[in-house]
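A short write-up of the structure that comes next.
Keep in mind that what you see is a predicted model, and the values were worked out from it rather than measured. Worth knowing before you read on, the calculation uses all heavy atoms, side chains too, and leaves out hydrogens, waters and symmetry mates. Indexing begins at 1, ligand by ligand and atom by atom, following the structure's order.
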Amino acid sequence: MITVKNLQKSFGKNQVLRGIDAEIKQGEVVVVIGPSGSGKSTFLRCLNRLEDVTGGEILFEGQPITDKKHNIDKTREKMGMVFQQFNLFPHKTVLDNITLAPTKLLGLSKSDADKRAETLLQSVGLADKKNAYPAQLSGGQKQRIAIVRALAMQPHVMLFDEPTSALDPEMVGEVLDVMKKLAEDGMTMVIVTHEMGFAREVGDRIVFMDGGVIVEEGTPEEVFGAPKNARTQDFLSKVL
Ligand code: ADP
Ligand code: MG
């Protein structure tokens, strides 16, 4: 689904991504781990071109989306993204937050978009919140709404950048449960997280980044159970 070839990204003189090669297959759950500043967010943001790349190439469903001529807006509709901060529109209801993009970008009627939103809200246990405003919700509820909002576009892949890092500890589980269910339903996902238990349980593949490169990758058993690289070993010894 996504092929990344020798991806490079610099901010001024700061080379943040130093040649990343990666392959994300349909239905695969790839979990990206690594120390702060290693380039995980930048990598994710390059995947849907929230950042322009400095070098290399990204193919999405066979199309070179790093090509200047590529219509990235259409591609972004197929790539859902969820951030640490929920970025819900504060003056819109939950329902309107969810239906905005499907009506505007996909041309769904408001009633069709409402139906789709209500089904999704039900699936995350928040059907009763459709008329609430973001300020009336807990962090965990807001993040589940943010996930639903992305899903309402029926994306082909979901990108998550530390979706539980801003949550109080007691709300982490409810968000991870939604993500786990998505994974079980076959969604293709790329997830940056520090939740190692979740990574181990839900990830098909673990990618360890450090210093703007992929240092090591493999199954959860390989990376967590028997890390080969000294940097991976060092990182895991601090977080596990
Ligand atoms: P991680 O998500 O692994 O913590 P990031 O991708 O956020 O790492 O950051 C990697 C490096 O890129 C850091 O040194 C950070 O300061 C730099 N960086 C990220 N975004 C920007 C930006 N918009 N402008 C300048 N530097 C940035
Ligand atoms: Mg980050």
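- For the pair Ser38 and ligand 1, the shortest N or O to N or O distance falls below 3.5 Å.
- With rounding to the nearest 0.5 angstrom, the CZ atom of Arg149 is 5.0 Å from the CG atom of Leu88.
- Donor-acceptor pairing under 3.5 Å is lacking for the side chains of Ser165 and His194.
- For residue Thr42, no N/O/S atom approaches the Mg ion (ligand 2) to within less than 2.8 Å.
- Interface of Thr42 with ligand 1, defined as ligand atoms under 4.0 Å from a residue heavy atom, comprises 5 (P), 6 (O), 9 (O), 19 (C).
- Counting heavy atoms closer than 4.0 Å to ligand 1, residue Val192 contributes nothing at all.
- Side chain of Gln143 to main chain of Pro163: a donor-acceptor pair is present (N/O by atom type, distance under 3.5 Å, no hydrogens or angles).
- Some N or O of Gly39 is nearer than 3.5 Å to an N or O of ligand 1, by distance alone.
- Against a heavy-atom cut-off of under 4.0 Å, Asn14 is close to the following atoms of ligand 1: 14 (O).
- Residue Val16 approaches ligand 1 through these ligand atoms, each under 4.0 Å from one of its heavy atoms: 10 (C), 11 (C), 12 (O), 17 (C).
- With hydrogens left out, the protein atom closest to atom 4 (O) of ligand 1 is Gly37 N, 2.7 Å, a heavy atom.
- Side-chain contact annotation: Asp161 with Ser41, donor-acceptor N/O pair under 3.5 Å present.
- Here CG of Leu106 is found 5.5 Å from CD of Glu77. Values are rounded to the nearest 0.5 Å.
- With rounding to the nearest 0.5 Å, the separation of NZ in Lys110 from CG in Leu100 is 9.0 Å.
- Atoms of ligand 1 found under 4.0 Å from any heavy atom of Pro35 (numbered from 1 in listed order, with element): 3 (O).
- Under the 4.0 Å distance rule, the nearest protein heavy atom to atom 26 (N) of ligand 1 falls inside the cut-off.
- In terms of protein heavy atoms, atom 22 (C) of ligand 1 is closest to Phe11 CE2, 3.3 Å.
- Note that atom 15 (C) of ligand 1 has no protein non-hydrogen atoms nearby, at separations under 4.0 angstrom.
- Judged purely by atom type and a 3.5 angstrom limit, Asn97 uses its side chain to pair as donor or acceptor with the backbone of Thr93.
- In this structure, Arg49 forms no cation-pi arrangement with Phe60, as its terminal cationic atom is not both closer than 6.0 Å to the ring centre and no more than 45° off the ring axis.
- Not a single heavy atom of Gly34 sits less than 4.0 Å from an atom of ligand 1.
- The shortest contact between atom 7 (O) of ligand 1 and any protein heavy atom is with Ser41 CB, 3.7 Å.
- Between the Asp67 side chain and the Lys69 main chain, a donor and an acceptor come within less than 3.5 Å of each other.
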